[in-house]
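Report on the structure given below.
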Amino acid sequence: MSEFNGKKRQRRSWAEPYKIKVVEPLKMATRAQREKAIAAAGFNTFLLKSEDVYIDLLTDSGTSAMSDRQWAGMMKGDEAYAGSDNFYQLEKTIRKYYGYKHVMPTHQGRGAENILSQITIKQGDYVPGNMYFTTTRLHQELAGGTFVDVIADEGHIPQSENPFKGNVDIAKLQQLIDEVGAEKIPYFCLHTTVNMAGGQPVSMANIRDTTAVCREHGIKIYLDATRAVENAYFIKMREAGYAKKSIAEILLEICSYTDGCTMSGKKDCMVNIGGFLALNDDALAEKARNMVVVYEGLHTYGGMAGRDMEAMAIGIEESVSYDHMRARIGQVVYLGEQLIEAGVPIVQPIGGHGVFVDAARFLPHIPQSQFPAQSLAAALYINSGVRAMERGAVSAGRDPATGENRQPKLELVRLTLPRRVYTQAHMDVTAEAIIDLWEKRDSICGLKFTFEPEYLRFFQSQFTPTCGASVLNDGENEGETYSDCESDILPEQHADAHD
Ligand code: F0G
């Protein structure tokens with residue numbers, strides 16, 4: 001029986017497959033300091049200063065700890081403007097593990113999305129995909145396209161225990177092709193794993209079926225490979241016929257069904273910055289290289305320093321290790337299972353890069369128009385210093401055609417785990433903080449906008465509570481010496497000790 005087999009939840013112990021060589025001390029602000037900090041941040045966790053955060057689960061993007069091998073690789077940075085040795089090393093590594101022919105580094109994932117969108121999408125086109133991602137959809141829209149979500153319905157249902165909730169609904173894809181015509185669909189945008197659905201994987205069988213439909217109609221298929229290695233691990237653990245295959249073999253097979261990929265190297269590849277665009281088609285790659293020099297940098301560095309390309313090449317090799325992935329996803333499961341046991345509603349099965357708390361069920365008294373997930377993320381920070389991210393109505397933004405707020409079915413708070421950064425003890429503290437909040441959930445209220453930017457509003461928008469000065473009115477707002485979750489692990493005096 002698999003240790004991650006949802007229902008029985010039996011697990012064998014695992015330990016992190018590394019030991020810690022360098023440490024970064026953490027600081028813990030007091031409850032009063034946190035109240036002030038989140039109010040100054042307009043109740044948006046993106047606007048908090050990192051120094052005010054205790055355990056930072058905002059994102060797994062660019063937040064990984066690099067290995068000693070990666071740091072050693074940094075010293076081999078060849079910072080030549082053109083033809084850096086590190087580029088050729090990175091190109092060779094991407095060809096080996098992802099299998100694509102042409103590789104163009106970009107400053108991060110959205111740089112690759114911008115270029116792919118501009119060279120493939122025309123005004124009035126449709127881009128189907130298995131759920132939107134914020135930056136990906138925006139670049140598709142800015143290029144004149146309309147994103148169409150064709151993920152299977154289960155992807156939108158937090159309680160559904162389907163092991164491949166990221167799967168494409170082939171009938172929905174076929175329906176779109178019938179309605180608008182294949183010539184209006186420049187490509188299919190395949191996400192692995194599906195971030196906005198809760199880090200949920202796609203099965204190999206479904207990828208094969210999706211590709212077959214695309215090929216039949218002459219539609220290209222591009223992979224958002226940001227967390228494809230995590231998806232490969234889930235296929236190994238859950239899909240018949242893959243248990244004995246290596247993660248690297250499975251990754252290569254996923255990529256073999258696609259025509260290229262955009263990549264945010266800040267996730268699976270375990271670097272702090274960087275990304276790439278990879279394509280198989282020679283003519284399209286030439287177009288892309290032309291755009292890279294306009295928006296990113298010369299095609300042999302594309303916005304990345306030589307040393308960062310070297311670290312990324314090494315990170316890719318490390319990412320396909322079974323031991324790494326088992327501990328990485330095992331840590332997410334470890335946190336998620338504690339919440340499930342306490343009755344906290346989360347997206348199940350537990351996803352690849354984080355635990356997604358279902359804010360709609362956590363705070364049923366807050367209507368979606370008052371942003372329950374945004375409120376919950378702010379309240380969690382106030383309660384514990386743990387920083388999470390809203391993935392609900394604020395992230396979904398407005399419909400560009402109508403200007404109305406989108407109302408996504410999923411209203412989630414993402415507790416995202418940086419790779420190789422925190423220990424199980426940090427997960428225990430995080431779980432305690434959330435369970436404590438769950439027990440006093442009635443004291444959380446909603447939020448309304450005070451500032452709303454035009455693009456990707458979740459990053460910079462600001463809010464005010466719908467009820468008084470704070471989103472968390474549990475009677476603890478006044479005290480300077482509130483002891484979080486009554487845990488010895490979080491002594492408030494730490495803040496003073498570091499001043
Ligand atoms: N695609 C996916 C699936 C992502 O999760 C991200 C970034 C991107 C593309 C864009 O890449 O940030 O390097 O430009 N996700 C981050 C997150 C921001 O926190 O989930 P980028």
Side-chain angles (χ1 to χ4, degrees), residues 44-46 48 50 53 56-64 104-117 127 129-142 147 149 151 155 166 189-202 222-231 254 258 260-278 292 295-296 302-304 308-309 312 315 332 347 351-356 373 377 387-392 394-397 410 412-419 421 455-460:
N44 184 348
T45 52
F46 275 103
L48 287 168
S50 150
V53 173
D56 202 348
L57 307 184
L58 183 74
T59 178
D60 63 333
S61 183
T63 53
S64 298
M104 287 138 277
T106 56
H107 74 282
Q108 56 182 76
R110 67 199 73 180
E113 291 167 355
N114 173 36
I115 291 167
L116 181 68
S117 299
V127 185
N130 48 343
M131 204 172 272
Y132 85 100
F133 183 70
T134 53
T135 58
T136 323
R137 179 175 65 189
L138 181 61
H139 281 299
Q140 291 160 354
E141 288 172 353
L142 290 172
F147 174 78
D149 185 6
I151 197 170
C189 181
L190 179 69
H191 285 270
T192 51
T193 56
V194 183
N195 188 353
M196 300 303 277
Q200 301 297 321
V202 187
Y222 296 113
L223 179 68
D224 181 330
T226 298
R227 298 182 186 86
V229 187
E230 291 175 2
N231 201 117
I254 294 173
T258 67
C261 80
T262 55
M263 169 63 105
S264 169
K266 301 167 73 175
K267 284 82 163 176
D268 272 353
C269 309
M270 290 186 285
V271 284
N272 303 121
I273 194 70
F276 59 85
L277 173 64
V292 168
Y295 288 101
E296 301 291 318
M304 291 182 72
D308 289 328
M309 291 193 279
M312 191 192 275
V332 180
V347 174
H353 61 300
V355 174
F356 290 66
R387 171 155 70 171
M389 182 195 288
E390 189 265 6
R391 295 275 78 154
V394 180
S395 294
L410 295 173
L412 308 174
V413 169
R414 188 181 73 176
L415 303 156
T416 339
L417 268 58
R419 294 160 186 81
V421 170
Y455 296 127
L456 303 174
R457 66 184 185 178
F458 55 94
F459 283 131
Q460 290 159 336

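Computed from a prediction, not measured in an experiment: that's the story for all the values here. Read the numbers this way: they start at 1 and go in the same order the structure lists the ligands and their atoms.
- Among Arg137, Lys267, His139, Lys266, the residue whose heavy atom sits closest to atom 18 (C) of ligand 1 is Lys267.
- In this structure, Phe133 and His191 have tilted ring planes: the angle between them lies in the 30° to 60° band.
- Between Phe133 and ligand 1, no pair of N/O atoms sits closer than 3.5 Å.
- Looking at atom 13 (O) of ligand 1, its nearest protein heavy atom turns out to be Ser264 OG, 2.6 Å.
- Remark: ligand 1 and Arg227 share an N or O pair separated by less than 3.5 Å (distance only, no angle test).
- Across Gln108, Glu113, Arg110, heavy-atom proximity to atom 9 (C) of ligand 1 is greatest for Glu113.
- For ligand 1, the atoms sitting less than 4.0 Å from at least one non-hydrogen atom of Thr59 are 17 (C), 19 (O), numbered in the order shown with element in parentheses.
- Side-chain atoms of Arg227 do not come within 3.5 Å of backbone N or O of Gly199 as any donor-acceptor pair.
- Which of Asp224, Leu58, Thr262, Thr416 comes nearest to atom 3 (C) of ligand 1 through a heavy atom is settled by distance: it is Asp224.
- Between Lys267 and Asp60 there is no salt bridge, since none of the side-chain N atoms of the basic residue sits less than 4.0 Å from a carboxylate O of the acidic one.
- Counting only non-hydrogen atoms, the option in Arg414, Met131, Met389, His353 that gets closest to atom 20 (O) of ligand 1 is Arg414.
- Under the 3.5 Å distance criterion, the side-chain polar atoms of Gln200 are left unmatched by any main-chain donor or acceptor of Val194.
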